[in-house]
Peer 1: 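One structure follows; several queries about it will come next.
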Amino acid sequence: MSNSAESPSNRPLRVAIIGAGPAGVYAADILTKSNQVKDGDLEVSIDLFEAYPAPYGLIRYGVAPDHPRIKGIVNALHKVLDRGDIRFLGNVTYGRDLTLSDFRAFYDAVIFATGAIKDADLNIPGIDLEGSFGGADFVSWYDGHPDVPREWPLEAKEIAVIGNGNVALDVARILSKHADDLLVTEIPDNVYAGLKASPVTDVHVFGRRGPAQVKFTPLELRELSHSKDVDIVLYAEDFEFDEASDEAIQSNNQIKTMVGTLTNWIAEQPEDLSELTASRRLHLHFLHSPVEIHDDPAHPGKVTGMSFERMQLDGTGNAKGTGEFVDYPVQAVYRAIGYFGSALPEVGFDHSKGVIPNEGGRVLDTAGSPIPGIYATGWIKRGPVGLIGHTKGDALETITLLLEDRKTLPAAPAPAPDAVVALLEGRGIDFTTWEGWLALDAHERDLGGRAADAGLRRERIKVVPRDEMVEISRGGVTAQV
Ligand code: NAP
């Protein structure tokens with residue numbers, strides 16, 4: 001390991017970014033394209049670390065496989081990493097394989113871009129019953145996350161999905177869609193088999209506020225109506241609009257579009273719901289606040305129903321309880337009420353917000369002062385809100401501050417790029433590289449192509465077991481770093 005304590009001004013600035021999802025890739029891209037770098041005032045050398053063997057974070061493990069926007073984003077991120085000026089090091093877990101002191105030794109600046117992958121808690125009675133799930137866990141399952149069990153119990157005929165965000169819509173769409181219609185996507189084989197065997201007939205999505213207060217977005221809402229043999233069902237008594245709703249409809253085009261879509265759907269719906277013809281139904285309920293998930297004496301410990309309090313809008317766009325309670329027979333409940341960040345070793349964590357305490361991306365110590373050379377970006381910086389594109393603005397803010405601080409960053413004692421690789425090798429860490437990802441990517445496409453040859457039209461089949469991902473990625477890895 002080289003041990004030069006040269007000042008960063010005499011050599012390329014060494015930056016580690018931890019997390020190769022959109023937040024990490026955007027931060028790397030923005031730094032390499034900054035004016036200082038373009039004008040030749042600054043040279044940067046960036047290593048992008050990822051805990052999984054493959055890059056892309058929540059794009060690979062958090063977005064529904066049938067989502068039309070994924071491909072464009074994956075292509076954009078691919079282009080950035082394929083340029084060759086950002087080094088990808090996958091299958092390396094921060095805090096276990098490399099500690100913060102290790103990073104401090106090799107890099108002048110460290111940016112945390114670890115995102116938020118856990119489900120936010122919903123503290124209601126019955127949440128721990130068998131059949132009650134976190135939506136994010138289910139997303140990880142259908143996206144073939146390597147650390148999630150391969151089996152998922154899909155035994156319920158009637159399912160409740162709690163929340164009115166895009167994750168709730170993704171979860172509800174995947175639960176209600178016929179598995180054969182997902183075969184064109186990249187779903188893993190075990191996911192196809194699980195969904196194919198699902199006996200589901202009715203998926204109920206519950207929002208606690210009204211149709212003008214939904215958090216999902218127009219494209220995602222419209223997508224629901226594209227599922228074959230699935231009828232969307234709405235309820236007239238849920239269509240309540242207060243003054244704040246009217247204002248939102250007037251001032252926000254997205255809300256206007258979505259309220260328009262929902263109103264058209266309910267207008268087109270037969271009055272007698274028994275006239276609906278599809279074999280599955282996706283119900284959208286509003287003004288239902290979750291109260292309790294319950295079992296019954298015949299099925300102790302298992303979800304058999306869920307109660308909600310009916311809500312009414314209070315004039316400000318918020319909802320208050322009416323004191324009226326309703327019950328739905330369901331055998332499974334998925335809460336999709338938001339993600340939550342996870343604490344990382346050796347950096348602070350705000351347990352109420354699920355973020356690393358920071359000021360514009362400068363990570364703070366317990367006294368509230370910036371820790372030199374440590375930054376955060378993306379959902380671990382600001383919490384799990386906003387579409388993927390919003391993380392670009394975030395990354396720009398963090399990188400701007402890092403560049404402002406550049407003269408005072410604590411110089412890494414071992415900045416040579418091969419030093420970190422030597423340490424990983426010395427510790428026996430099977431890290432993966434960009435070339436390794438290209439090999440895995442080609443392998444997954446090839447698997448899809450072979451299925452397509454057999455008439456199944458599959459674009460890619462994800463490799464799920466971590467060992468297998470690593471093995472395919474590491475075919476000849478040593479020469480590639
Ligand atoms: P989200 O957009 O914040 O939505 C959370 C939903 O849960 C809201 O409807 C919220 O209602 C509700 N909720 C929160 N606490 C609740 C409680 N105690 N009881 C009942 N309902 C509760 O979160 P998300 O769906 O996890 O999405 C996170 C971000 O990822 C969003 O920005 C989303 O757009 C993005 N995303 C995008 C896509 C896509 O583009 N396809 C896919 C997935 C995720 P209130 O509004 O009343 O609080």
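Counting starts at 1 for both ligands and their atoms, following the listed order.
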Peer 1: Give the atoms of ligand 1, by number and element, whose distance to some non-hydrogen atom of Trp379 is under 4.0 Å.
Peer 2: 29 (C), 30 (O)
Peer 1: Can you tell me which residue pairs pass the side chain to side chain donor-acceptor pair (under 3.5 Å) test with a partner in residues 203-213, sequence neighbours excluded?
Peer 2: His204-His285, Gln213-Ser245
Peer 1: Got the closest protein heavy atom to atom 12 (C) of ligand 1, with its distance?
Peer 2: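 Minimum-distance protein heavy atom for atom 12 (C) of ligand 1 reads Gly163 CA, 4.1 Å.
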Peer 1: Provide, to 0.1 Å, the distance between atom 2 (O) of ligand 1 and the closest protein heavy atom, together with that atom's residue and name.
Peer 2: Lys215 CB, 3.6 Å
Peer 1: Give yes if a backbone or side-chain nitrogen or oxygen of Glu220 is under 3.5 Å from a nitrogen or oxygen of ligand 1, and no if not.
Peer 2: yes
Peer 1: Is there a nitrogen or oxygen of Asp170 sitting under 3.5 Å from a nitrogen or oxygen of ligand 1?
Peer 2: no
Peer 1: Would you please say whether a donor-acceptor pair under 3.5 Å links the side chains of Glu158 and Gln331?
Peer 2: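 Note: Glu158 and Gln331 side chains meet the donor-acceptor criterion.
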Peer 1: Tell me whether Lys381 is salt-bridged to Glu397, with the criterion being a basic N under 4.0 Å from an acidic carboxylate O.
Peer 2: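 Between Glu397 and Lys381 there is a salt bridge, with a charged N closer than 4.0 Å to a carboxylate O.
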Peer 1: What closest approach, in Å, do Val355 and Arg382 show between heavy atoms, and which atom pair accounts for it?
Peer 2: CG1-C, 3.9 Å
Peer 1: Looking at Asp47 and Arg87, does any basic side-chain N land under 4.0 Å from a carboxylate oxygen?
Peer 2: yes
Peer 1: Considering only heavy atoms of Pro290, which atoms of ligand 1 have at least one such atom less than 4.0 Å away?
Peer 2: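 Answer, ordered by atom number: 19 (N), 20 (C).
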Peer 1: Are His78 and Tyr56 an aromatic pair, judged by ring center distance below 6.0 Å?
Peer 2: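 No.
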Peer 1: Can a salt bridge be assigned to the pair Asp238 and Arg310 using a cut-off of 4.0 Å between side-chain N and carboxylate O?
Peer 2: yes
Peer 1: Does any N or O of ligand 1 fall below 3.5 Å from an N or O anywhere on Val63, backbone included?
Peer 2: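 Looking only at distances, the answer is no, because the N/O contact criterion of under 3.5 Å is not met.
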Peer 1: Can you report which non-hydrogen protein atom sits closest to atom 38 (C) of ligand 1, along with the distance?
Peer 2: Asn166 CB, 3.5 Å
Peer 1: Out of all atoms in ligand 1, which are within 4.0 Å of some heavy atom of Pro384? Include the element for each.
Peer 2: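 Under 4.0 Å from Pro384, ligand 1 has these atoms: 28 (C), 29 (C).
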Peer 1: Minimum distance, heavy atoms only, to atom 31 (C) of ligand 1: which one of Ala336, Gly165, Gly386 is it?
Peer 2: Gly386
Peer 1: Is any N or O atom of Thr217, backbone or side chain, closer than 3.5 Å to an N or O atom of ligand 1?
Peer 2: no
Peer 1: For ligand 1, indicate whether the residue Val385 contacts it via side chain, backbone, both or neither (heavy-atom separation under 4.0 Å).
Peer 2: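 For Val385, the contact with ligand 1 is made by the backbone alone.
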Peer 1: Quick one: side chains of residues 336-348, donor-acceptor pairs under 3.5 Å with protein atoms, not counting sequence neighbours, listed by atom name and distance.
Peer 2:
from	atom 1	to	atom 2	distance (Å)
Glu346	OE2	Leu100	N	3.1

Peer 1: Give a yes or no on whether a salt bridge exists between Arg445 and Glu459, defined as a side-chain N under 4.0 angstrom from a carboxylate O.
Peer 2: no
Peer 1: Which of the numbered atoms in ligand 1 are below 4.0 angstrom from a heavy atom of Asn164?
Peer 2: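 Selected atoms, number and element: 6 (C), 8 (C), 9 (O).
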